[in-house]
Amino acid sequence: MVSDLILLMKVQEPIVASAKNRINLLQLARDVAGQLASKAEAAHIALHVGGSEGVIVNGDSEQIKAALVKLVENAMGYSPSGSSVNIAVSQSKDGEHALLHVLDQGIGIPKDEQRQVFERFYRGSHQTDATHEGIGLGLAIVKHVVLTHHGSATLWSSQGHGSTFSMVFPLAPQHTEQ
């Protein structure tokens with residue numbers, strides 16, 4: 001909990017684009033999948049990463065990685081054994097934004113709870129054995145990380161059919177100031 005609160009404090013300053021803070025989102029997603037591979041295997045969940053090469057954003061890689069870890073851990077926690085969690089990286093149709101999606105086949109989130117899930121300390125009504133010890137900071141961290149990076153976080157969910165959490169970031173300019 002302390003590390004989550006410290007991270008929430010760190011993500012209050014907006015990110016300024018520079019040549020030194022360019023992040024390849026597909027590589028970052030692969031790193032997160034590697035980091036969580038043993039946890040996924042223990043839960044009997046297949047973890048897949050796919051998407052477009054060369055989707056680059058400016059930012060703090062540790063913050064974005066921490067947010068993605070939170071999303072993937074949540075997806076695994078709410079998904080049944082034998083299911084899969086997918087991380088997908090792409091560009092928006094307008095070519096101005098990077099999209100980082102985490103899709104699961106879990107229990108889904110009731111419609112009346114969806115608008116609250118990104119709030120600090122919010123705990124949904126359908127906890128699982130894997131999630132009952134959480135304190136409700138994970139999705140708040142996700143929200144603040146994307147806001148710090150001039151982006152947004154969205155959710156699509158259907159009870160019994162899973163959820164898709166998306167982080168949207170501005171694409172890095174081709175030429176960034178030093």
Side-chain angles (χ1 to χ4, degrees), residues 1-8 10-11 25-51 55 61-90 97-149 151-169:
M1 179 171 111
V2 172
S3 62
D4 283 352
L5 289 170
I6 290 170
L7 180 57
L8 271 174
K10 283 183 181 179
V11 298
L25 284 185
L26 189 57
Q27 186 56 54
L28 184 133
R30 289 177 180 139
D31 292 346
V32 167
Q35 176 183 332
L36 297 175
S38 61
K39 196 178 234 183
E41 187 177 326
H44 304 286
I45 293 175
L47 192 52
H48 304 285
V49 177
V55 177
S61 62
E62 291 306 311
Q63 288 181 17
I64 295 174
K65 189 175 191 178
L68 185 56
V69 165
K70 297 289 184 194
L71 289 179
V72 174
E73 286 179 335
N74 275 358
M76 291 188 307
Y78 288 102
S79 294
S81 178
S83 64
S84 65
V85 169
N86 297 292
I87 305 170
V89 175
S90 63
H97 295 91
L99 309 173
L100 185 52
H101 305 289
V102 176
L103 304 87
D104 69 49
Q105 300 169 326
I107 61 174
I109 301 168
K111 264 278 193 243
D112 61 335
E113 294 183 19
Q114 291 180 17
R115 68 184 175 282
Q116 299 166 289
V117 298
F118 291 105
E119 299 305 318
R120 291 180 187 173
F121 303 109
Y122 181 76
R123 304 273 298 139
S125 62
H126 294 87
Q127 299 302 310
T128 68
D129 288 342
T131 64
H132 73 281
E133 291 184 10
I135 59 169
L137 285 178
L139 293 177
I141 288 169
V142 170
K143 176 180 89 171
H144 287 286
V145 166
V146 296
L147 289 175
T148 296
H149 288 80
S152 62
T154 62
L155 159 67
W156 172 91
S157 187
S158 177
Q159 276 193 278
H161 299 284
S163 301
T164 299
F165 284 87
S166 301
M167 294 188 287
V168 179
F169 302 100

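Every residue meeting the side-chain contact (heavy atoms from CB on, under 4.5 Å) condition with Ala88, not counting sequence neighbours, appears here in chain and number order: His101, Leu103. Contacts of Val146 classified as side-chain contact (heavy atoms from CB on, under 4.5 Å), with partners at least two apart in sequence or in another chain: Ala153, Met167, Phe169. Looking at residues two or more places apart in sequence or on another chain, you find a side-chain contact (heavy atoms from CB on, under 4.5 Å) between His48 and Ala46, Ser84, Asn86.
For the pairing with Asn74, the side chain to side chain contact (heavy atoms under 4.5 Å, CB included) check across Asp104, Val142, Leu139 returns one residue only, Leu139.
Sorted by first and then second residue, the salt bridge (charged side-chain N to carboxylate O under 4.0 Å, His left out) pairs involving residues 151-166 (not counting sequence neighbours) form an empty list.
Closest heavy-atom contact between Gln63 and Thr148: OE1-CG2, 4.0 Å. Counting all heavy atoms, side chain and backbone alike, Ser79 lies closest to Ala75 at OG-O, 2.5 Å. Closest heavy-atom contact between Gly106 and Pro80: CA-CD, 4.0 Å.
Rounded to the nearest 0.5 angstrom, Ile64 CD1 and Leu25 CG are separated by 6.0 Å. Taking OG of Ser166 as the start and CG of Leu100 as the end, the distance is 8.5 Å to the nearest 0.5 Å. Note that the OG atom of Ser83 and the NE2 atom of His44 stand 11.5 Å from one another [nearest 0.5 Å].
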For a quick test of your reading: what N or O donor-acceptor pairs under 3.5 Å do the side chains of residues 28-39 make, sequence neighbours left out?
unit_1 : atom_1 : unit_2 : atom_2 : d
Arg30  : NH1    : Glu53  : OE2    : 3.3
Arg30  : NH2    : Glu53  : OE2    : 2.8
Asp31  : OD1    : Gln27  : NE2    : 2.9
Lys39  : NZ     : Glu73  : OE2    : 3.0

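Annotation: side chain of Ser163 is in contact with side chain of Leu155 (closest heavy-atom distance under 4.5 Å).
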Can you check side-chain contact (heavy atoms from CB on, under 4.5 Å) on Val55 and Leu26, steps first, answer last? CA-CA 7 Å; Val55 177; Leu26 189 57; over 6 Å; no
